[in-house]
Structure formats: C-alpha cells, structure tokens
Amino acid sequence: MATKVRFEMNHDGWREILCSQKMADACKAVGERIAAEAGEHFGYRGAKVGYGGGRVGGYVSSTSIEGDKLEATDKVLTKAVHT
C-alpha cells in the first residue's frame, strides 16, 4: 500500500535563501560569465528584485549600440545563455 507523504512550504526558509549573500554571489558569478561570453559590449548588473522580499537577481544586457546590433543580428547574448 502506498504511503502518503505531505510536503509543507517553509516560506521563511525560501525567503532566507533567496535574499542571502550566497545567492547574490551565485547570481553575480553566472551573470558575469554570461556577459563575458557574450563579449565586450555586454555587462552584468546586480539588482534586488521585488515581490516584497528583497530577493537578489541580476541582468545581463548590452552596454552599447554595437551590443544591441550584435544581439539583433547574431544573437550573441542569447547564445551565451546556456547551462
């Protein structure tokens, strides 16, 4: 006979993880890797994102018109985002 398993969400625990310095460091490392792989016309910008908890996150975007053109024509940033 199957055993019932019940999971309960620990909201405080998730909030602690998503707002932690370790998560900020991980986001920064991945963002900087993506920006470096995309090339000199792209950069990473860290950010606190909303949803009422100050969660960490970040953005990789072009830093120049040339970066915009490279993304539009060759998808260099899109190609840099992979696992």
Side-chain angles (χ1 to χ4, degrees):
M1 185 184 259
T3 303
K4 284 190 173 185
V5 177
R6 180 182 173 115
F7 290 92
E8 291 186 28
M9 177 67 90
N10 181 339
H11 293 283
D12 292 337
W14 278 109
R15 187 175 300 109
E16 184 179 334
I17 291 168
L18 295 173
C19 297
S20 71
Q21 186 60 47
K22 284 187 178 184
M23 184 61 77
D25 294 343
C27 286
K28 182 178 179 182
V30 171
E32 288 179 346
R33 180 204 47 88
I34 292 169
E37 195 167 316
E40 65 179 308
H41 300 288
F42 297 88
Y44 169 77
R45 178 173 47 102
K48 292 268 187 188
V49 294
Y51 312 112
R55 297 174 186 163
V56 297
Y59 305 93
V60 179
S61 60
S62 66
T63 57
S64 67
I65 299 286
E66 185 62 28
D68 292 339
K69 290 177 186 176
L70 287 169
E71 176 59 16
T73 58
D74 299 330
K75 299 294 184 202
V76 294
L77 180 56
T78 301
K79 290 175 184 176
V81 179
H82 59 82
T83 56

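Here the structure is a predicted model, which is why all the values come from computation and not from measurement. Numbering starts at 1 and runs along the sequence shown.
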Quiz prompt | Atom pair CG (Asn10) and CZ (Arg15), whose distance is rounded to the nearest 0.5 Å | solution = 9.5 Å
Quiz item: Between His41 and Leu70, which heavy-atom pair has the shortest distance, and what is it?
Solution: CD2-CD1, 3.8 Å
Quiz item: Can a salt bridge be assigned to the pair Asp25 and Lys28 using a cut-off of 4.0 Å between side-chain N and carboxylate O?
Solution: no
Self-check item: Minimal non-hydrogen separation, Ala80 against Ile34, with atom names
Solution: CB-O, 3.6 Å
Quiz item: If you take all heavy atoms of Ala47 and Tyr59, which pair is closest and at what distance?
Solution: CB-CE1, 3.5 Å
Quiz prompt | Neighbour count above 12 (heavy atom, 6.0 Å) for Glu16 CD | solution = no
Practice problem: Report the residues that fulfil side-chain contact (heavy atoms from CB on, under 4.5 Å) with Thr63, sequence neighbours left out, ordered by chain and then residue number. | Solution: none
Self-check item: Cluster overlap Val30 with Val56, hydrophobic side-chain contacts below 4.5 Å
Solution: no
Quiz item: If you take all heavy atoms of Tyr44 and Ala35, which pair is closest and at what distance?
Solution: N-CB, 4.0 Å
Exercise. Give, for atom OG1 of Thr73 and atom CG of Asp68, the distance between the pair rounded to the nearest 0.5 Å.
Key: 10.5 Å
Exercise. From the options His82, Glu32, Lys79, select the one residue that forms a side-chain contact (heavy atoms from CB on, under 4.5 Å) with Glu37.
Key: His82
Self-check item: Exercise: identify the closest heavy-atom pair between Leu77 and Glu71
Solution: N-OE1, 2.8 Å
Quiz item: From Ser64 OG over to Lys69 NZ, what is the distance, rounded to the nearest 0.5 angstrom?
Solution: 9.0 Å
